[in-house]
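Structure first, then comments.
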Amino acid sequence: MELQHVSVPMPSGGQEAARGFYAGLLGLEERDVPPKLDPSELVWFRVGDDLELHLYESEEPAPRAQHFCLRLDTGLDELRGRLEAAGVEIADTVEIIGRPRFMCRDPFGNRVELTQWA
């Protein structure tokens, strides 16, 4: 068994903000939404080889504490700088030895951890 996707909410009309953050700032590749699903309400991204991140329209607020984590092979410091330059608030968190990391929130308030194996 393995994780196949993570779904997080975005408000109605948030598709361009999702693309700007996840594709533009984080560099994720957008993928097509499968047939029979409404692509006007969804934005899907490929994360690594087999994992996907799904954003779906919802008026529910983003959870405050729950989060998902994206791991980079290299370039964590550069990504942090790019996010800060774009005005994204960065929060340091408890250190995990051998795994530098920080937290941020997407444009909709979803909490995202970014890490890199040291």
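We use all heavy atoms of the structure for the numbers below, so side chains are in, but hydrogens, waters and symmetry mates are not.
When side chains are defined from C-beta on, His54 counts as touching Glu52, because their heavy atoms get closer than 4.5 Å. Annotation: side chain of Leu114 is in contact with side chain of Leu83 (closest heavy-atom distance under 4.5 Å). No side-chain heavy atom of Arg111 sits under 4.5 Å from any side-chain heavy atom of Arg64. Counting only heavy atoms from C-beta outward, the side chains of Cys104 and Phe21 approach each other to under 4.5 Å. With a 4.5 Å cut-off on side-chain heavy atoms, Tyr56 and Val43 do not count as touching. Taking the side chain as every heavy atom from C-beta outward, Leu55 and Leu42 never approach each other to under 4.5 Å. Within the 4.5 Å cutoff, side-chain heavy atoms of Trp44 are placed close to those of Pro34. The side-chain heavy atoms of Pro63 and Val8, taken from C-beta on, include no pair separated by under 4.5 Å.
In this structure, Ala62 and Pro9 approach most closely via the heavy-atom pair CA-CG, 4.2 Å. Residue Leu25 comes nearest to Val88 through the heavy atom pair CD1-CG2, 4.1 Å, listed as atom of the first residue, atom of the second, then distance. Shown here for Leu76 and Pro100, the closest heavy-atom pair between the two residues is CD2-O, 3.4 Å. Taking both residues in full, the closest heavy atoms of Asp38 and Ser40 are given as OD1-OG, 2.6 Å, listed atom of the first, atom of the second, then distance. Here the shortest heavy-atom pairing between Gly14 and Phe108 reads O-CZ, 3.3 Å.
To the nearest 0.5 angstrom, Met10 atom CE is 10.5 Å from Asp106 atom CG. We find the CD-CZ distance between Glu29 and Arg46 to be 5.0 Å, quoted to the nearest 0.5 Å. The CG atom of Asp77 sits 10.5 Å away from atom OG1 of Thr74, with the distance rounded to the nearest 0.5 Å.
A donor atom on one side chain and an acceptor atom on the other are found under 3.5 Å apart for Gln15 and Glu57.
Partner of Glu113 under the salt bridge (charged side-chain N to carboxylate O under 4.0 Å, His left out) criterion, chosen from Arg105, Arg71, Arg101: Arg101.
Clustering ILVMFWY residues whenever any of their side-chain heavy atoms sit less than 4.5 angstrom apart, transitively, puts Leu79 in a cluster other than the one holding Trp117. The cluster map of Ile, Leu, Val, Met, Phe, Trp and Tyr, joined by side-chain heavy atoms under 4.5 Å apart, puts Leu51 and Leu53 in the same cluster. Criterion: ILVMFWY side-chain heavy atoms under 4.5 Å apart, direct or through other members. Under it, Tyr22 and Leu3 are part of a common hydrophobic cluster. No continuous path of ILVMFWY side-chain contacts below 4.5 Å connects Leu26 to Met103, so the two sit in separate hydrophobic clusters. By the rule that hydrophobic residues join a cluster once side-chain heavy atoms approach within less than 4.5 Å of another member, Leu70 and Val6 end up as members of one cluster.
Within the 3.5 Å criterion, the main-chain N or O of Arg99 finds no donor-acceptor partner in the side chain of Gln116.
Other residues, nucleotides and ligands contribute only 12 or fewer heavy atoms inside 6.0 Å of the CG atom of Asp32. Crowding of Gln4 atom CD: a count of heavy atoms from other residues, nucleotides or ligands under 6.0 Å exceeding 12.
Note on Glu78 versus Arg82: no salt bridge recorded, every NZ/NE/NH1/NH2 to OD/OE distance being 4.0 Å or above. Electrostatic pairing of Arg80 and Asp92 counts as a salt bridge here, judged by a charged N lying under 4.0 Å from a carboxylate O.
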